[in-house]
Peer 1: 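First the structure, then my questions, so here it is.
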Protein chains: 2
Amino acid sequence: MRSPAELSSAFRESGLKVTPQRQLLFRLLHDNATHPTADALYASASQQMPGISLRTVYQTLTDLTSMGELQSFDFGNGATRFDPNVGSHHHVVCRSCHEVADVYVDAAADLDVAGLEGFTIDRSDIVFHGVCARCSATPHATTPQPTSQTNSPTTGDMP
Amino acid sequence: MRSPAELSSAFRESGLKVTPQRQLLFRLLHDNATHPTADALYASASQQMPGISLRTVYQTLTDLTSMGELQSFDFGNGATRFDPNVGSHHHVVCRSCHEVADVYVDAAADLDVAGLEGFTIDRSDIVFHGVCARCSATPHATTPQPTSQTNSPTTGDMP
DNA sequence: CACTCTATCTGCACATGATGCGAACACGCA
DNA sequence: TGCGTGTTCGCATCATGTGCAGATAGAGTG
Ligand SMILES: [Mn+2]
Ligand SMILES: [Mn+2]
Ligand SMILES: [Zn+2]
Ligand SMILES: [Zn+2]
């Protein structure tokens, strides 16, 4: 998604208003690679703006998504994840702490696919499920951290 | 998943009981390629067995899944989908009627992937999103049908 | 067949994520 | 400063699932 300043201009030019709540969410989402849930954003926002409504967070996320500034994903862990990275990419999800990281897949266009007869495809998502480095070390890790990229390139096989 | 007869034997041999409710669900799920939701199964089951509880349907689905007889998928349409096809395969989902069809992808193991550093992968799911043949013809189709495979091989590009 | 031990079924409460609604509020502009 | 419409917020409501406990009924045993 675009920068907070760019979004503010775009909003005003579209007749939409630039409220403090929206500006805060613009900042919280910009360059945010954690794929946060609405609730996580609400928690962060509440620290800087006590009294902000969860309803407003949902509303703003829905608006930004329909404007194409955000992507939303459901990885089956209960809550929708929002992603300011609207470029084409894929994801890996930790089965233990539910951390989500971006994955870039090359040459995916060459896949030999059977079963799409009759369908007009406009989007393809690949989701890798596994265990992150931190959870591998600490079997019972729970709290996901903002970001962290570690070593040990364990590229699992692709069924 | 295995046939109703095989499942009945397996259940009894494991000390589990073979109830009419379970037998009905065995039949409803066997060779079922529609990727039904718990609610859809409950609707079907209720016709043949009025009074069956939705709770029992959920319970049985959970049991069969943890026994490896079913796979469950969440395509982000609100309800979990259950799949008696436990072999390795992928899916295409209609954005309009939410119909789900199986997709078989070859050579997926050769993908050039960046971003999995630190993760130990044990499963990879590819989901194609698009519009099915029926919804392409009837712009406002709603009710998904059991199965149907049509022509016009529109293999969309893979981002 | 009758008995007994348990697994199972069912109804209801509860949890969670998300949306619908309307009155109070405030951004943006004259 | 005042106005009008878009926003915010709180609360009700919906949807999918799960926890719980008493009633029910498989399936061996005598
Ligand atoms: Mn991403
Ligand atoms: Mn399938
Ligand atoms: Zn983890
Ligand atoms: Zn369709």
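Here is the naming used below: chain letters follow the sequence lines, and residue numbers restart at 1 for every chain. All values below come from the heavy atoms of this structure, side chains included, with hydrogens, waters and symmetry mates left out.
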Peer 1: Quick check against the 3.5 Å criterion: does A:Glu69 have a side-chain atom that pairs as donor or acceptor with the backbone of A:Met67?
Peer 2: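 Checking the backbone N and O of A:Met67 against the side chain of A:Glu69, no donor-acceptor pair under 3.5 Å is found.
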
Peer 1: Take atom CG of B:Leu61 and atom P of C:dT8, then tell me their distance rounded to the nearest Å.
Peer 2: 15 Å

Peer 1: Linking I/L/V/M/F/W/Y whenever any side-chain heavy atoms sit under 4.5 Å apart, do A:Met1 and A:Phe82 land together?
Peer 2: yes

Peer 1: Report, as a single string ordered 5' to 3', how protein heavy atoms within less than 4.0 Å touch nucleotides 18-30 of chain D: B base, S sugar-phosphate only, - not at all.
Peer 2: BBB----BBS---

Peer 1: For B:Gln59 and D:dT16, what is the distance between atoms CD and P respectively, to the nearest whole Å?
Peer 2: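 So the two atoms are 19 Å apart, to the nearest Å.
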
Peer 1: To the nearest Å, how far apart are B:Arg22 CZ and C:dA7 P?
Peer 2: 11 Å

Peer 1: Base, sugar-phosphate or nothing for B:Ile52? Non-hydrogen atoms, less than 4.0 Å.
Peer 2: sugar-phosphate

Peer 1: Can you tell me if the side-chain N/O atoms of A:Gln21 get under 4.0 Å from OP1 or OP2 in D:dC9?
Peer 2: yes

Peer 1: Would you say a side-chain N or O of B:Thr56 is under 4.0 Å from OP1 or OP2 of C:dT10?
Peer 2: yes

Peer 1: Just call it for B:Thr80: base, sugar-phosphate, or nothing, with non-hydrogen atoms closer than 4.0 Å on any strand.
Peer 2: sugar-phosphate

Peer 1: Among A:His91, A:His98, A:Glu99, exactly one meets side chain to side chain donor-acceptor pair (under 3.5 Å) together with A:His35. Which residue is that?
Peer 2: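 Result for side chain to side chain donor-acceptor pair (under 3.5 Å) with A:His35: A:His91.
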
Peer 1: Round to a whole Å and report the spacing from CG of A:Leu54 to P of D:dC11.
Peer 2: 13 Å

Peer 1: Using a strict threshold of under 4.0 Å (side-chain N to carboxylate O), is an ion pair present between B:Asp125 and B:Arg123?
Peer 2: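 Salt bridge flag = yes for B:Asp125 with B:Arg123.
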
Peer 1: Side-chain donor-acceptor contacts of residues 45-59 of chain B below 3.5 Å, not counting sequence neighbours, with atom names and distances?
Peer 2:
unit_1: B:Ser46; atom_1: OG; unit_2: B:Tyr42; atom_2: O; d: 2.7
unit_1: B:Ser53; atom_1: OG; unit_2: B:Arg55; atom_2: N; d: 3.0
unit_1: B:Gln59; atom_1: NE2; unit_2: B:Asp63; atom_2: OD1; d: 3.2

Peer 1: Rounded off to whole Å, could you give me the CD-to-C1' distance for the B:Gln23 and C:dT8 pair?
Peer 2: 13 Å

Peer 1: Between the side chains of A:His89 and A:Asp83, is a donor N or O closer than 3.5 angstrom to an acceptor N or O?
Peer 2: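 Yes - a donor-acceptor pair under 3.5 Å links their side chains.
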
Peer 1: In whole angstroms, how far is the P atom of C:dT8 from the CG atom of B:Asp63?
Peer 2: 7 Å

Peer 1: Expressed as a whole number of angstroms, how long is the span from B:His98:NE2 to D:dT16:P?
Peer 2: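 From B:His98 NE2 to D:dT16 P: 12 Å.
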
Peer 1: Please determine whether side-chain hydrogen bond (donor to acceptor under 3.5 Å, both in side chains) holds for the pair B:Asn32 and B:Thr34, giving the CA-CA distance in whole Å, both sets of side-chain angles, and the decisive distance to 0.1 Å.
Peer 2: CA-CA 6 Å; B:Asn32 184 331; B:Thr34 66; 2.6 Å; yes

Peer 1: Can you tell me how far P of C:dG17 sits from CG of B:Asp74, to the nearest Å?
Peer 2: 13 Å

Peer 1: On DNA chain D, nearest-nucleotide positions of B:Asp39 versus A:Phe11: which is more 5'?
Peer 2: A:Phe11

